[in-house]
Amino acid sequence: MALVNEHFLKLSDNYLFADIAKKVNAFKVSHPQVRVISLGIGDVTQPLCPAVIEAMHKAVDEMATKASFHGYGPECGYDFLREAIVKNDFAPRGVKIDPTEVFVNDGAKSDTGNIGEIVRWDNSIGVTDPIYPVYIDSNVMCGRAGVLENGRWSNVNYLPCTAENNFVPQIPDHRVDMIYLCYPNNPTGTVLPKEELKKWVRYALDNDTIIFYDAAYEAYIRDADIPHSIYEIKGARKCAIEFHSYSKTAGFTGVRCGYTVIPKELTAVTLDGTRRVELNHLWDRRQSTKFNGTSYISQRAAAAIYTPEGKRQIRATIDYYMDNALLMHKALTDMGFEVFGGRNAPYLWVKTPDGIGSWKFFEQMLYAVGVVCTPGVGFGPSGEGYIRLTAFGNREDCEEAMSRIREWMAKK
Ligand code: PLP
């Protein structure tokens with residue numbers, strides 16, 4: 001008799017965005033005359049840039065002849081992309097990464113969700129709270145998160161990030177085996193200054209902790225002193241795995257490509273304490289067993305963003321979204337909202353007025369003005385009393401949403 005993995009039964013029925021979609025659909029059915037504006041799910045709206053399109057066309061044409069056709073590629077990525085990543089994303093920041101430390105993937109969700117397979121199921125974990133839900137849910141699936149008690153998982157160390165601590169998580173006063181950090185942060189849109197990140201690397205080295213550092217939004221950083229990579233901090237090669245994504249950097253949410261960096265110095269110990277094992281090697285072994293590589297076409301598309309014209313074109317789109325963020329930040333602040341993030345990230349984290357719960361404010365805003373946000377509590381207990389807005393919309397939609405909210409607030 002096959003038994004089910006009962007850890008899956010501990011998960012809530014739906015992923016957060018499926019819950020939101022259900023509520024939005026119910027609203028649309030009962031209010032067919034309203035044009036709903038979604039500033040909720042973090043999907044991009046602007047098309048791929050011309051350099052990427054051209055590279056994809058060329059790659060498709062290569063597939064059309066026997067001489068240039070590509071079948072299975074290397075599981076961990078083509079050298080042309082791994083080398084371009086090292087040369088463009090790390091070398092200019094003085095960070096030394098070897099191409100064999102870069103694992104090309106089909107986006108950061110897969111690897112942030114799967115990475116836990118190469119460490120023991122009973123390691124303790126820590127997460128900044130609120131967080132991108134994949135980190136916790138993937139740990140629930142293997143039993144590492146424990147059981148849910150009053151909205152919190154019993155084996156998870158929650159590190160609250162709220163207005164009260166200026167969204168800077170406090171370093172735990174005890175050992176935690178694995179810590180997830182995401183900067184610039186989804187959902188709060190806040191960043192971690194270099195001095196703070198140094199404390200985390202120090203903590204990890206002192207406690208033999210692995211930091212899973214999600215840098216999916218690093219392309220949105222504008223302030224010069226904010227680190228783009230944890231490897232800008234001395235010692236991080238010994239304690240951190242870093243995740244990157246082309247989804248928000250270059251509009252690849254539908255193309256699918258990203259990469260993970262696992263330095264060769266990073267090791268974890270066996271239970272009996274007698275051996276340290278290279279995680280780069282384990283991940284390579286894992287990927288070559290369970291993953292057959294990202295498509296050649298997607299990897300050629302990704303490589304095109306590192307050409308001079310590609311760089312210029314993706315920068316223009318990022319600037320477009322950041323102008324949305326600025327516009328919304330100003331409008332909401334003028335209306336009297338307390339607004340965080342949006343300076344070095346495409347997300348705005350907004351305190352709900354009068355301490356209204358996140359879901360209640362989500363519903364009020366949807367029914368009053370047809371604007372969809374994401375309830376902060378969906379990202380963790382410390383998200384209660386906040387909502388998240390994304391800057392990935394069309395400019396006109398952002399403007400229209402702000403004007404609808406302004407009118408609504410004026411009437412309140
Ligand atoms: N990490 C964070 C923090 C995200 O917000 C997202 C997507 O929204 C991802 C990873 C996943 O990105 P990808 O599209 O590369 O799978």
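First listed ligand is number 1; within each ligand, the first listed atom is number 1.
Residue-to-ligand polar distances place N186 within reach of ligand 1: an N/O pair is separated by less than 3.5 Å. No N or O atom of S110 sits closer than 3.5 Å to an N or O atom of ligand 1. Polar contact with ligand 1: present for K109 (N/O pair, distance under 3.5 Å).
The existence of a salt bridge linking K290 and E75 is excluded, since no basic side-chain nitrogen approaches an acidic carboxylate oxygen closer than 4.0 Å. Using a 4.0 Å cut-off between charged side-chain N and carboxylate O, D19 and K23 make no salt bridge. A salt bridge is absent between D225 and K194; no separation between the charged side-chain nitrogens and carboxylate oxygens falls under 4.0 Å. Using a 4.0 Å cut-off between charged nitrogen and carboxylate oxygen, K248 and D43 do not count as a salt-bridge pair.
Results of the side-chain contact (heavy atoms from CB on, under 4.5 Å) test with L81 over V86, T294, V104 single out V104 as the only residue that passes. D208 pairs with exactly one of K238, R175, R276 by the salt bridge (charged side-chain N to carboxylate O under 4.0 Å, His left out) rule, that one being R276.
For ligand 1, the atoms sitting less than 4.0 Å from at least one non-hydrogen atom of D214 are 1 (N), 2 (C), 3 (C), 10 (C), numbered in the order shown with element in parentheses.
Relative to atom 14 (O) of ligand 1, the option among A108, P187, S247, G107 with the closest non-hydrogen atom is S247.
Regarding atom 8 (O) of ligand 1, its nearest protein heavy-atom neighbour is K248 NZ, 2.9 Å. Of the protein's heavy atoms, S245 OG, 3.9 Å lies nearest to atom 12 (O) of ligand 1. Residue, atom and distance of the protein heavy atom nearest to atom 11 (C) of ligand 1 are Y132 OH, 3.2 Å.
Within the 4.0 Å heavy-atom criterion, the part of Y217 lying near ligand 1 is the side chain and not the backbone.
The ring of Y347 has its center closer than 6.0 angstrom to the ring center of Y217.
At a 4.0 Å cut-off, at least one heavy atom of C182 sits close enough to ligand 1 to count as contact.
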